[in-house]
Amino acid sequence: MQLEELKTWWQEHESGQMDSEEIDRKMLHQVIRSRSKSALASIKRNIWLEIFLLVLPLWAMWTYVLWKEASIDVFFWAVGILTLVNISFYGIKLFRINHTPLMDPNIKQSLEKLVWTLGTYMKMYMFVGVILVPLGSAIAVYWGFFHAAAGDGKGFSDIEPWILLLLLGVMLLYGISSWLFFRWYVNKLYGQHYRELTNCLKELDVQPSA
Amino acid sequence: MSKRGPDIEEAFLEKVNANRRIIHKVCNLYLKDEAEKEDLFQEILLQLWRAYPNFQGKAKFSTWMYRIALNTAITGVRKSQRKVPVEDREVEEADVIGEDTLLDKKERSQVLWKAIYSLSDVEKAIIILYMESYSYEEISEMVGINVNHLGVKINRIKKKLKAILSPHLT
C-alpha cells in the first residue's frame, strides 16, 4: 500500500462526511463563558482551591499570634516563615501557569513546556510533603510542649526522654503519612497526564533508525 | 458578549466557519465518544478564540487552525478523561484478514478509522497533516521535528497502517 492510496481514501471519506453546523455568535459566547477543560486551566483551579484551603489555617494562626501572644517568640517566626514559604510557593506556581502559553509554534515546544511545568509542580509538591509539612509540624509540636512545660514552671529540658521519643515517633509517622498523601495527591492530579505527555515528547525526541 | 467587539468576532467566525471541518477532523481523530468530541470541539474553539489576537497572517488560517487544534488535542486536555478504549484502538491483523476485501464505503471508513486509532497521538497528528497534503517542511515545522526525522516517522506509520489496511486495498 502506498500512502498516496491512503490519502485518496481519506479524502474520499472526508468528502462523504456531512457538513457540520455553522458556529454562530451565540455558540461562541457560550464557549467563551464556559470553563476551560484544558490541563493548565484545571491546574489553575486546583491552585486557587489550595490557596483558599490554606488561607483559613494561616489566618487562624496569625489571629492567634497577633491577638493572643504578647511576645515575639519561635511560634511567631514559624508562622511567619510558613506564610512566606506558602506565598512564594503559590506565587511561583501562578506566575508559571499564567506564563505558560498553550499555543506554542509547534507540538514539541508545547509538550516541552507542559512537561516542564508539570514536572516542576510535582517536585514542589513532594518538597512540601516531605520537608515542609513535617518540619512545620515539628515546630508546632516543639512550641506546644515548650509552652506547656513553661506553664507548669518547667524548662524544656525537664521533659522526660520517653515523651521526647514519643514526639519524635509521632513526627516521623506524620512525615511518612504526609509523604504518602502527597505522593497519592500528586499522582492523582498530574501523574497519568504527565506520563502520557512525557511519552509523546520521547517519541518526538528519539531519532528513530530508518 | 466578548470584550473584543462584534467586528473581531465576525471576522473570527467567518474564518473559523470556513475551516470548521478541521476541528471536526481533529476531534474524530482523537476521540470516539460523541460527548467527549463535543467537549474537545468547544475547547479547541476556546483556544482558537484566545489565540486569535496572535494570528499574524504569516501562515494560512487553516494551517494555524490545525496547529492549535492538534496542540489542544495532544497537550491541552487530560488524556485520562478522553481515553479511547483499548479494544477500539488496537486493531489486530486477525480482525481484518480473511474478511471480504471488496468493502463498501462505510466499511472502508470504519477500517480506516480503526487503523488510525491504533496510532499514537503524535503519529495521528503527523498522518492527518500528511493526508491533508501538507508538505514535509510544513509538517516538520508544525510538529517540531526535522524533515529527516519526519520522513522516518512517516515510513513507520506507513508500515503500521499497511499491516492493517492492505487486505482491504487489494
Side-chain angles (χ1 to χ4, degrees), chain A residues 1-3 5-14 16-17 19-25 27-42 101-115 190-193 196-197 199-201 203-210, chain B residues 1-2 6 9-10 12-13 16-17 20-21 24-25 39-40 42-43 45-47 49-51 54 67-68 70-72 74-81 105 108-109 112 120-123 125 127 130-131 133 141-145 148-149 151-158 161-162 165-166 169:
Chain A
M1 182 202 67
Q2 294 301 312
L3 268 180
E5 286 178 74
L6 182 62
K7 199 187 274 187
T8 313
W9 198 0
W10 168 265
Q11 279 157 4
E12 270 176 28
H13 168 77
E14 283 306 308
Q17 291 279 338
D19 208 5
S20 60
E21 197 184 330
E22 193 163 305
I23 303 160
D24 57 17
R25 272 170 198 266
M27 186 181 178
L28 178 65
H29 291 164
Q30 208 177 340
V31 166
I32 294 168
R33 277 197 306 269
S34 67
R35 252 176 28 157
S36 171
K37 291 184 177 64
S38 75
L40 290 178
S42 304
L102 185 60
M103 295 315 143
D104 284 299
N106 60 54
I107 293 170
K108 194 178 172 192
Q109 277 187 24
S110 293
L111 280 169
E112 281 169 345
K113 279 193 180 169
L114 204 52
V115 163
Y190 309 122
Q192 192 182 342
H193 190 49
E196 285 174 342
L197 292 178
N199 285 340
C200 277
L201 191 57
E203 206 183 322
L204 289 172
D205 274 335
V206 174
Q207 292 275 344
S209 52
Chain B
M1 181 65 68
S2 73
E9 276 181 20
E10 198 175 328
F12 172 77
L13 284 173
V16 168
N17 272 318
R20 67 183 179 279
R21 289 180 71 178
H24 286 289
K25 282 178 196 173
D39 280 350
L40 182 58
Q42 292 191 5
E43 188 62 36
L45 187 59
L46 181 64
Q47 297 304 335
W49 172 251
R50 286 181 179 171
N54 300 326
R67 190 171 284 181
I68 288 179
L70 289 170
N71 253 337
T72 306
I74 293 175
T75 65
V77 179
R78 288 182 187 227
K79 291 170 192 173
S80 51
Q81 295 166 0
K105 199 172 178 180
R108 281 162 62 105
S109 291
L112 173 63
S120 72
D121 284 357
V122 170
E123 288 171 336
I127 204 66
Y130 179 84
M131 289 192 290
S133 297
E141 198 186 315
M142 286 158 90
V143 177
I145 55 178
N148 292 338
H149 187 173
V152 177
K153 285 203 86 64
I154 286 181
N155 204 32
R156 275 199 177 171
I157 297 168
K158 182 184 159 184
L161 293 176
K162 188 178 177 181
L165 293 174
S166 52
L169 289 169

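Everything numeric in this text was worked out from a predicted model, so none of it was measured.
Here the CG atom belonging to B:D121 is positioned 10.5 Å from the CG atom belonging to A:L204, to the nearest 0.5 angstrom. Taking CD1 from A:I107 and CD1 from B:I74, the interatomic distance works out to 4.0 Å, rounded to the nearest 0.5 Å. To the nearest 0.5 Å, atoms CD (B:E10) and CZ (A:R25) are separated by 5.5 Å.
The nearest pair of heavy atoms linking A:S110 to B:N71 is OG-OD1, 3.0 Å.
Interface remark: B:L13 contributes side-chain atoms only to the contact with chain A (heavy atom separation under 4.5 Å). Only the backbone of B:E141 comes within contact range of chain A, judged by heavy atoms closer than 4.5 Å. Looking at A:N199, there are no atoms closer than 4.5 Å to chain B (heavy atoms on both sides), in backbone or side chain.
With a 4.5 Å cut-off on side-chain heavy atoms, B:Q42 and A:Q30 do not count as touching. Two residues are said to be in side-chain contact when any heavy atoms from C-beta on lie closer than 4.5 Å; A:N106 and B:M142 fail this criterion. Counting heavy atoms from C-beta outward, B:W49 and A:I32 have side chains that approach closer than 4.5 Å. For the pair B:V143 and A:K108, the minimum side-chain heavy-atom distance is 4.5 Å or more.
When B:I145, B:L46, B:L70 are compared by the number of non-hydrogen pairs under 4.5 Å with chain A, B:L46 comes out ahead.
With hydrogens and angles ignored, the 3.5 Å screen pairs no side-chain donor or acceptor of B:N17 with any backbone N or O of A:E22.
At a cut-off of 3.5 Å, with distance as the only test, a side-chain donor of B:S120 or A:E203 sits close to an acceptor on the other residue.
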